[in-house]
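Below is one structure, written out as structure tokens; the observations come after it.
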Amino acid sequence: MQIIPVLLGVSLIVFVMVRSIPGDPAQILLGQQATEEQVAALREQLGLNQPLFTQYFLFLRDALTGDLGSSIVTGRPVTTELLDRLPATLELTLAALLFAVAVGVPVGVIAAVKQYSWVDKVTSVIALTGVSMPIFWLALILVVIFTVNLNWLPFPGRLSNGIAIVSITGMVVPDSILTLNFVGLWDGIKHLILPAVALGTIPMAVVTRMTRSSMLEVMGEDYIRTAHAKGVVPWRVVFKHALRNAMLPTVTVIGLQFGLLIGGAVITETIFGWGGIGQIALESINRRDYAMIQGVVLYGAFFFVMINLFVDVLYAVLDPRVRY
Amino acid sequence: MDTSVAARSGWDDFRRAFLSNRLAVIGAVVMSLFILMAIFAPVLAPYDPINDQDLTSNFAGPSAQHWLGQDELGRDILSRIMYGARVSLTAGLAAVAFATTFGTLVGVTAGYAGRWIDAILMRLMDMLLAFPSILLAIVVVTILGQGLTNAMLAVGIVLLPQIARVVRSAVISVRERDYVEAERALGASHTRIVTSAILPNSLAPLIVQSTLALATAILDIAALSFLGLGAQAPTPEWGAMLTDAFRSGFGVFIEGQHAILFPGIAIALCVLSVNFIGDGLRDALDPRRK
């Protein structure tokens, strides 16, 4: 239940953020084009003539009811704007996470099982290089190699011109599967690969290092020796006995990667013209669309805190010894 | 007499452990080259990084005159990378200096005072940690405005809680040691106990954490500059160089591939070598690894 003070703290920081920009907060949130009446109405809603303490509670009420004003660019409510763009961001981050886990875990296991072999050494160097990689550079290099030089994968956007899919979830891949649109599916996957790899590389390197080190620790345990001694086939020892126990710290690390993924999405989406929340976050800063910035930061941090809570719960599910 | 001998042998142990780590030594050598490049940029750089433009040869590839080629305005990329080392390294160091100073202050206060002061300070740090780092940087840039100085400050604030946590746990682990008790029994003031007994014995984890933080700082400042929230054109900053090339149009992907390649290699090499140094320091300073 430590989560409530943290969430309150997050909202407090965002509240202070808008209040510390010089000028009238109502005018700032509405932009320069707003009419006198609109400003007066918002001033009333935010309670700007009341004590700061009351203002904070009014802000909390608005945040909890999803009423954080409207974008000065589109005029639509901030929550609607964000929900519209959420599927794109979700699809990209989940694909990046899938890449990180699907590559990181097996490679980490192999490196641990074959400790000190060349596989292990190559893995260590790649993992260290991976965490030092500027993802904006990696994204550009991937485009140079796979789009421009090899002409294998498309850039930018989520779909090629002329390809349409029926929107159900708002995510290209699930939607095209649900509507049996295989042309759309193939095109969507091809567009997804480069941004997902760019966004997933650092998490992949972190997951690899974590899997390797926790596998090494587990492989030295007595029950692994016991399993070997009673004649369990080696691959079964590795996957059934060792990996399940080694996954605990890895799961925590995967959860922590969401922070990187949320931040990385701002960069990746901007480069690939992805049209998700990350891209709108940057555009909002450049347009001084403060209502949108406030929404992105507040809900982004809420989401991150919730993910961490979920990871803690998952930990208890995976390890029966952990009880809250 | 005895203490000086003990101190020297500790230093020898540390030096031997660090030098036997091949990657750490490579990191230190590469980093020294970057630092030299930054200091002597005006002497080493063959061209002016901002004013020597030549629009007729934009994105010209590497040649005898321009070893790393020319960028979207026909400026010499090698010269810009050399000057860029100044910007990126100072910005990274400044952010880490900020985070280390205030992080140490918070960590020592929390760890030494304990009780409610500790609880309040650490909950504050939890709040900062609750933000994904780029989002927190966006908060700071929203309040203070875009620009390199504010980006440095933003990254400093992002790194602060990590330093504070490391220092706090180091302080807690030495707080009840005999030599601290001895200082206290001698009637030393809190300031004296902290500066002469607690801080020197909490230094190892702080040094390691600050070094690793430098890698993050260089990377994050370059990322903020790439997003247009940090260094602005025409400043020769590595992240800004990439964004300037990228924003010049799709042509950069075809004719200007070298303009993407080289600034990124500079960032990656620099960050990688700092990470190597950090790992080496951790191994050399951790008594359990000897």
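Letters A, B, ... are given to chains in the order of the sequence lines, protein chains preceding strands, and every chain is numbered from 1. The model shown is predicted, which means the values in this text are computed figures rather than measured ones.
For B/Ala215, no part sits under 4.5 Å from any heavy atom of chain A, backbone or side chain. Neither the backbone nor the side chain of A/Phe303 comes within contact range of chain B, judged by heavy atoms closer than 4.5 Å. Neither the backbone nor the side chain of B/Leu269 comes within less than 4.5 Å of any heavy atom of chain A. The part of A/Ile293 that comes within reach of chain B is its side chain, from C-beta onward, which places non-hydrogen atoms under 4.5 angstrom from that chain. Proximity to chain B (any heavy atom under 4.5 Å) is shown, for A/Val296, by both the backbone and the side chain. Proximity to chain A (any heavy atom under 4.5 Å) is restricted, for B/Phe226, to the side chain, taken from C-beta onward. When heavy atoms are compared at a cutoff of 4.5 Å, A/Leu140 approaches chain B by way of both its backbone and its side chain. At a 4.5 Å heavy-atom cutoff, the contact between A/Ile262 and chain B is made by side-chain atoms alone. Residue A/Leu8 does not touch chain B at all, counting heavy-atom pairs closer than 4.5 Å. For a residue to count as touching a neighbouring chain, one of its non-hydrogen atoms must lie under 4.5 Å from one of that chain's; by this rule B/Leu261 touches chain A with backbone and side chain alike.
In A/Glu283, the CD atom is crowded: over 12 heavy atoms of neighbouring residues, nucleotides or ligands sit closer than 6.0 Å. Counting non-hydrogen atoms of other residues, nucleotides and ligands closer than 6.0 Å to CZ of B/Arg165 gives a total of 12 or fewer.
Smallest separation of non-hydrogen atoms from A/Ala301 and B/Leu135: N-CD1, 3.9 Å. Closest of all the heavy-atom pairs between B/Ala223 and A/Phe136 is CA-CE2, 3.4 Å. Considering all non-hydrogen atoms of both residues, B/Leu272 and A/Leu128 come closest at CD1-O, 3.5 Å. Smallest separation of non-hydrogen atoms from A/Phe304 and B/Pro132: CD2-CD, 3.7 Å. Nearest heavy atom pair, residue A/Val148 against residue B/Gln257, reads CG1-NE2, 3.8 Å. Of all heavy-atom pairs spanning A/Arg209 and B/Asp279, the tightest one is NH2-OD2, 3.7 Å.
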Working note: A/Trp137 + B/Ile267, criterion side-chain contact (heavy atoms from CB on, under 4.5 Å); need CA distance, chi angles, decisive distance, verdict.
CA-CA 9 Å; A/Trp137 180 60; B/Ile267 303 172; 5.8 Å; no
Intermediate values then yes/no, side-chain contact (heavy atoms from CB on, under 4.5 Å), B/Leu129 and A/Val6:
CA-CA 9 Å; B/Leu129 282 174; A/Val6 170; over 6 Å; no
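Side-chain contact check for B/Phe131 versus A/Val14: some heavy-atom pair is nearer than 4.5 Å.
For residues 137-150 of chain B, a heavy-atom distance under 4.5 Å to chain A picks out B/Ile138, B/Val139, B/Thr142, B/Ile143, B/Gln146, given by residue number.
The candidate with the highest count of non-hydrogen atom pairs below 4.5 Å against chain A, out of B/Leu242, B/Ile254, B/Leu227, is B/Leu227.
The aromatic rings of B/Phe253 and A/Phe155 stand perpendicular to each other, their planes meeting at an angle above 60°, with 30° marking the opposite boundary.
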